[in-house]
Each structure stands twice: as structure tokens, then as C-alpha cells.
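So you know, we letter chains A, B, ... as the sequences are listed, proteins then strands, and number each from 1. None of these values were measured; they are calculated from a predicted model.
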Protein chains: 2
Amino acid sequence: MATATMKDVARRAGVSTATVSRALAQPDRVSSELRRRIEAVVRDLDYTINASARSLRRNDTGMVLVVVPDIGNPFFSKLLKGVELQARKLAYAVLIGDTEHGAARAEVYARQLEARRADGLILLNGRTPSFAGFRVTSNAVPRPLGPRYPIVVVSERIPGSPWPTVGIDNVAAAERAVLHLADLGHRRIAHIAGPKGNILTGERRRGYRAALAKSGLPADPDWLVYGDFSIASGRRAARKLLVCPARPTGVFAANDEMAMGAIVEIRAFGLAVPGDVSVVGFDDIEFAEIFDPPLTTVRQPRFEMGQRAMALIGRGLRGEALAAEEVILESEFVVRASTARAAPAKR
Amino acid sequence: MATATMKDVARRAGVSTATVSRALAQPDRVSSELRRRIEAVVRDLDYTINASARSLRRNDTGMVLVVVPDIGNPFFSKLLKGVELQARKLAYAVLIGDTEHGAARAEVYARQLEARRADGLILLNGRTPSFAGFRVTSNAVPRPLGPRYPIVVVSERIPGSPWPTVGIDNVAAAERAVLHLADLGHRRIAHIAGPKGNILTGERRRGYRAALAKSGLPADPDWLVYGDFSIASGRRAARKLLVCPARPTGVFAANDEMAMGAIVEIRAFGLAVPGDVSVVGFDDIEFAEIFDPPLTTVRQPRFEMGQRAMALIGRGLRGEALAAEEVILESEFVVRASTARAAPAKR
DNA sequence: CTGAAAGCGCTTACAG
DNA sequence: CTGAAAGCGCTTACAG
């Protein structure tokens, strides 16, 4: 049995497809008698509109695409809920694409946008998709000059991009986290950074260095180790730090997962957290609070970040031009039990 | 500047749109000279096919929809990666819809399928969408008899549904978990169950009861508490259990988050885990291993579940009829440090 | 190997 | 308030 089309509905209701279309999209432009009749037939035939046909005709889709580097990361899932909520308010559906940290997948999803399968794009992966209106064509004419659809960047800033960005002040937040360790008397403070290419890595590392400089603390290159935001990489990083000639007593990790991994490894090494080593994370994911010890960390307003991003998309969708403004939301430093005063003996 | 269409490409390459279409979809059906010329123009104009137009014409979309009850739950995110991997192999893109445990959102997403925005559907939320070909129409003729697109159910079985289901044997896995506690000498074993309507809740509760019966252990109604799979609900449940007249020494939680929440609360109460109370979880999410204590739990082959589900969809997409078979994958019981022998004094 | 033409299922000015 | 008709951008038998 073939799916019913609008034509079937029209025939059965004894009206034109134009009227059916109106009855569904703008009910008050149709007499109430016809509307009722049409609605009955729609139910009867179990009619559902063909989204492709409507999209083709109206040149919009009612969908927004969100490109995420890793859907398994709790940081993103909460943010996505914010996007969803706002999208619902605006009557848009959200299409999520997981790039698994890869550029190839990111291109695949971005192409969905180019193919007009979505009306807007939220980028969480810090990459400019190659389409995005920047390509210089073979005859050296840069075209088109602007994107044809709203794009908003979240969390992982894309320097020089023409799109609005929603995020926090990572440098300041990182600096504050490290100053907290310094205030507690720690003088050998290490940093477990994110992956090297990542923009957040640079920003948080900058905050780390600034705090060391401000506090007059040394910056031993051994104390800077790179991870990839995973628990496993936090463990690996900690193993390196633990065998440093000058072992750090404070560690600032660029996210909570790496902080947790580090703590597990520090304890396996026979040291106490925070007794021997204090550890600070970043993000404040749900598990941070119930981890042992509960993690001192930087809380990002993840839900709000998602909401704001989608709200911006909504404005773009309504025809407003989106400037390259930066929306900087407040982060919050949350002190829990993974940090403590440095042991006097160690100083 | 308007987006280039196939017509623009055709004109500029001096061929018909038919040839452009072929050059893009079936390159070897076009002479290599033309193919090259067309490809150059495509690059030049930055042409991307209009997915709506193609979908409308070909009556397919190259997309598969996955309906998830909660994208923030690590159980699902890993499963989604399995879906993604397999989808990529089959050249399909994955559209994820988060229902946030609600029926309303589930309907919204399911409607996307009805509207032909996807070619197949993977249901992780244990609900039959109201469309799905089961509705009885107003004139009492049940139609259509079968779904018009492949549907696969994962994890949360839908009893009586005509679709293939991928999952584990939850009853057996739960029974095994509880027998583990019984074997350790625990005689007062509680269960933190999932939410009441959920199918998994019933299955795991059944396993719990079967194990008690087999071990000749009492089943105090006070020891059965319902949660909602969240950390917070695990904490609430533990608070109830801790004030039972006959306090349990073993707890089987229906997922890892609730187990973790319970452990936090048990410790806050002044008891040791596993010293005073042993706790078993379910799922083996990433955090289970680095939790303190590392969680004894049931490992579900999440990635494989996703892969298998998508593989089934793939077969359906190739025209094969999908039977209502159950694909039962092996789970694994993982013993870690959250369980220990019952204290003899307590017996 | 290539093109002319029909048609996928809608929406929307336009006319009445 | 309603309908006839054009057209959105593709694909694909069919003919050559």
C-alpha cells in the first residue's frame, strides 16, 4: 500500500490540493466546514506530509544541525539539551551529528547543510567546514561572500570566523583555577592540557601560565603534559607527572575526565588526593560531584550555552544578520574536596 | 547570490541536466571527457545537490533516525557510536532524536520518519510510536498492516511488536548479579529498580526476585525501591533503604548511575562500601571502573548492540523483510571492588 | 553515451 | 474562501 499523498486527501475530501495544503498549514484561511472534512480524511488515510516535497517547495526544512565532536562526552550532552529546549520553543527539530573528533565526519555532516537538509548549523567542534562560503574557486574569485544560512559556534571558538560565538572566558577561568592551587600554597603546579590542535587547549594553557607568572611560580616544562580529554589520557598524563624529578603537588586538568583519570592513577601510585596532590578539573560534569574525592572544578553553564546558541540561530532564521559577536557567559569556580593546602613539609 | 542548481551546472558545462545527474551519481555511465568537464563546473560553482529534490524524486533519504530517551546517559552514547560506525559502512547518515524520556518528543521524532525524512528507525526508548502502522482508523479498518520502512528495537524491548529486537537477557543478567551477592553471604538484599513503567525495570526486577527465591532469601517489600536511572534517584533510594528496620547489606541497582548515587549516600550515612554494604550496578559505563570503589556491574555490549541494530536496518533497507526475531547478545558480569563478603557479625 | 520530457509531492501568487 | 496552474530541483525510463 502506497503512502497517501495530498492528492489522495484532496480527492477524497472533494477539494483541490491547494485547499488541503492551506487547511494544514494555515487552518484559519479555510472555512471551518472544509477544515473539519479535510482533517477527517487526513486521519482516515493516515496522511503525513512529505517533508522532502515541502522542503523543496518552501526552501526550508525546519531542522537545525548540530555538529558535536563526541556525543559520549557529558559536557556536550547537557549542552545539547539546551539546544533542544530552545529549538522546541522555536518549533525546530534538532539533527545531531557526531564527528568522533574527526574532520572527515565533520565534512559529511556539514554537507547535509549544504544539501539543504537543515536551515542552520551549530558548530561545537571548533572547525570551519570546508564549504562555509570561504572556498576560493579555481578561477580565484572568492565566493560566496557570506554564508547562506545561520551558523553559530559554541565553546570551541574559531578564530577569524564571521559567526557569533557562545562560550566562556577560558583563559580567566583556567587562571582562577590555578590561582586557587597557588593560594593553597602549592608551588609545583602541573597542567594536563587538551589535545594540541584544540583551541581550548591553548586558552586554558594560557590561563595556567598567566597564573604561574602572577604567583611567581616556576614553570617546569615537565609539568605540562598533553591529553585528549579522555579518562585514559588523564591516567597516562598522571603517570608521567608522577615520575618527574620535581613532582608537582598541584595539578590543573583541562577537563573533568582527565582530572578523574589522573586522580585514579595518583592513588594507584600510593599518594593521597588531596593529601599529597591537589587536582582541579574543568566543566563540572554530573559525575564530578559524586567522584571520590568530589572534584574542585570550573562549572560551565552548559545548558545555557546550548540555549543561547539556538536562540541566535533562531534570530538568523528570522532573517536577522548575525554578527561575529562573542557571547561570553559566566563560569563558576566550584571548590570541593580534591584540593587542599599544600603539605608544609613539601614546601 | 542564489545557490547553484543542477541546471546552472548543465548550462555552464554545455550538457543536459540528465548528464550532470548521471555524472554525479553514476560516473562511469558518462564519457570521461564530459565527466571531467562537469566536475570542474561543479567545483567552480560550488554546487551541492539539493537533498530534498533528490529525496522527493528517488523516494529515499540516506538517513536513519535513532530515537533515544536520554542522550546524556553514557549507556546510549556508546551504543550510538556503534550505530554510527555501521551506518557509515552502509553509507547512511544518522539522525539522533533525544526524547528526554517523554512520549511527546518521541512522537515528534517519529513523525520525521512518517514525513519521509529518514529511511529507517531505531527505537531505544521502548515505546511504539503511535504511527507505526498500528492505528485503527476511524472506519475501523486497521491499516496499514506492516511498517513501510525498517524499524529495529534496541535494549528496551517492546512486547508484541513486529520488529526485530537487539538486547541482552536482562532477567538472567540481573539474576546473576544478585546471586553474586547471595554467594558472598548477603541475606538481606535490596533492589533499586528503574522507573515503574519501563520494560527493563520489570525484567531486572524479575531476575532479582528469581535469585532471591533460588537462594532461599527473604524478599522484604521495603527492599524494593524505584528510581529513574539518575544519580539523584539512586541517592534517594539509598536514603530509604538505610532507614529500613531490617537494613540490607547488599544492593542491586538497575543501572550504574543509581548504584553510584547509592554508594555516595551510604557513605554519607557513615557506612562503608563494600565493608558494610555491597553494591552492584548495571551497564558498565566508563565511569564505573574509575569510581571509588570500582563498581561490580553487568557489562552490556553497547557498541555491538548499536552495530547490530544498524546492520539489521541495512538489511531492511536492501529490501529484506525483517522478522520479529530477538537478537540476544552476551552480557558479562564484572566483579570489582564495590562488593565483598558479608560481615559475619551481621548474619 | 546523451538529451527531451515527465513527474516526484508539495506551496503559492493569481484570479475569481 | 477556493481552485487551476506553475514550479521548486532533481532522476530516470525512453529514444536515439
Side-chain angles (χ1 to χ4, degrees), chain A residues 1-39 41-42 45-63 111-119 148, chain B residues 1-39 41-42 45-63 111-119 148:
Chain A
M1 204 199 82
T3 312
T5 69
M6 196 173 270
K7 211 158 132 193
D8 300 325
V9 175
R11 185 169 14 221
R12 188 117 149 207
V15 297
S16 71
T17 58
T19 301
V20 176
S21 178
R22 281 192 210 99
L24 298 177
Q26 317 158 52
D28 36 85
R29 285 198 48 194
V30 166
S31 72
S32 57
E33 191 254 318
L34 271 191
R35 197 191 322 135
R36 252 190 305 277
R37 200 157 85 213
I38 290 168
E39 278 161 4
V41 174
V42 163
L45 297 180
D46 220 1
Y47 171 72
T48 312
I49 202 163
N50 182 313
S52 300
R54 187 217 258 139
S55 294
L56 173 60
R57 186 54 235 244
R58 304 208 342 197
N59 201 27
D60 68 15
T61 63
M63 314 213 73
R111 205 148 302 157
Q112 302 283 347
L113 187 72
E114 274 290 279
R116 331 242 65 189
R117 242 201 265 261
D119 302 335
R148 302 181 280 277
Chain B
M1 202 198 84
T3 313
T5 68
M6 197 173 269
K7 211 159 133 192
D8 300 325
V9 175
R11 184 169 17 222
R12 186 115 150 207
V15 297
S16 71
T17 58
T19 302
V20 175
S21 178
R22 281 191 209 100
L24 297 178
Q26 317 158 51
D28 36 85
R29 286 198 48 195
V30 167
S31 72
S32 57
E33 192 253 320
L34 272 192
R35 196 189 326 134
R36 251 191 304 277
R37 200 156 86 213
I38 290 167
E39 279 161 3
V41 174
V42 163
L45 295 181
D46 220 1
Y47 171 72
T48 312
I49 202 164
N50 182 315
S52 300
R54 187 217 259 142
S55 293
L56 174 59
R57 186 55 234 245
R58 305 208 340 197
N59 201 27
D60 67 17
T61 64
M63 314 214 72
R111 205 147 303 155
Q112 301 284 346
L113 186 72
E114 273 290 278
R116 332 242 65 189
R117 242 200 266 262
D119 301 336
R148 301 182 281 277

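For the pair B/Arg35 and B/Glu39, the salt-bridge criterion is not met [side-chain N within less than 4.0 Å of a carboxylate O].
Of the candidates C/dT2, C/dG3, D/dC10, D/dC10 carries the atom nearest the B/Ala53 side chain, counting heavy atoms from C-beta on. When distances run from any side-chain atom of A/Thr5 to the nucleotides D/dG9, C/dC10, C/dA5, the shortest one goes to C/dC10. For B/Arg57, counting side-chain heavy atoms from C-beta on, the closest listed nucleotide (D/dC10, C/dT12, C/dT11) is D/dC10. The side chain of B/Ile49 has D/dT11 as its nearest neighbour among D/dT11, D/dT12, C/dT12. Ranking D/dT12, D/dC10, C/dT11 by closeness to the B/Gln26 side chain, first place goes to D/dT12.
Figure legend. C/dA13 is base-paired to no nucleotide; pairs are counted as Watson-Crick or G-U wobble with both atom distances under 3.5 Å. For C/dA4, there is no paired nucleotide, since no Watson-Crick or G-U wobble pair has both relevant distances below 3.5 Å.
Between B/Arg29 and the phosphate of C/dC1, there is no side-chain N or O to OP1/OP2 separation shorter than 4.0 Å. Note on B/Ser16: every side-chain N or O is 4.0 Å or more away from OP1 and OP2 of C/dT2. Listed pair B/Tyr47 / D/dC10 meets the phosphate criterion, a side-chain N or O lying under 4.0 Å from OP1 or OP2. Taking 4.0 angstrom as the limit, A/Ser21 places none of its side-chain polar atoms (N or O) nearer than this to OP1 or OP2 of C/dC10. For C/dT2, one of the phosphate oxygens OP1 or OP2 lies less than 4.0 angstrom from a side-chain nitrogen or oxygen of B/Ser31.
In terms of position along DNA chain D, the nucleotide closest to A/Val30 lies nearer the 5' end than the nucleotide closest to the other residue of the pair A/Thr17 and A/Val30. If you find the closest nucleotide of DNA chain C to B/Leu56 and to B/Val15, the one lying nearer the 5' end belongs to B/Val15.
Here C/dT11 presents its C1' atom at 9 Å from CZ of A/Arg22, a figure rounded to the nearest Å. Rounded to an integer number of Å, the gap from A/Arg37 CZ to D/dC1 C1' is 13 Å. Counting to the nearest Å, the C1' atom of C/dC10 and the CG atom of A/Asp8 are 13 Å from each other. The distance from atom CG of B/Asp28 to atom P of C/dC1 is 8 Å, rounded to the nearest whole Å. In this structure, B/Leu24 atom CG and D/dT12 atom P are separated by 13 Å, rounded to whole Å. Atom pair B/Ile38:CD1 and C/dT2:P shows a separation of 8 Å (rounding to whole Å applied). Here D/dC10 presents its P atom at 9 Å from CZ of B/Arg54, a figure rounded to the nearest Å. Between B/Arg58 atom CZ and C/dG9 atom P the separation is 15 Å, expressed in whole Å.
In this structure, the side chains of B/Arg117 and A/Ser55 come closer than 4.5 Å at one or more pairs of heavy atoms. At a threshold of 4.5 Å between non-hydrogen side-chain atoms, the residues A/Ile38 and A/Thr19 count as touching.
How far CG of B/Asn59 is from CG of B/Asp119: 8.5 Å, rounded to the nearest 0.5 Å.
Shown here for A/Ser52 and B/Leu56, the closest heavy-atom pair between the two residues is CB-N, 3.8 Å. Considering all non-hydrogen atoms of both residues, B/Thr3 and A/Arg116 come closest at OG1-NH1, 3.9 Å.
Taking the C1' atom of each, D/dG16 and D/dT12 are spaced 16 Å apart, rounded to whole Å.
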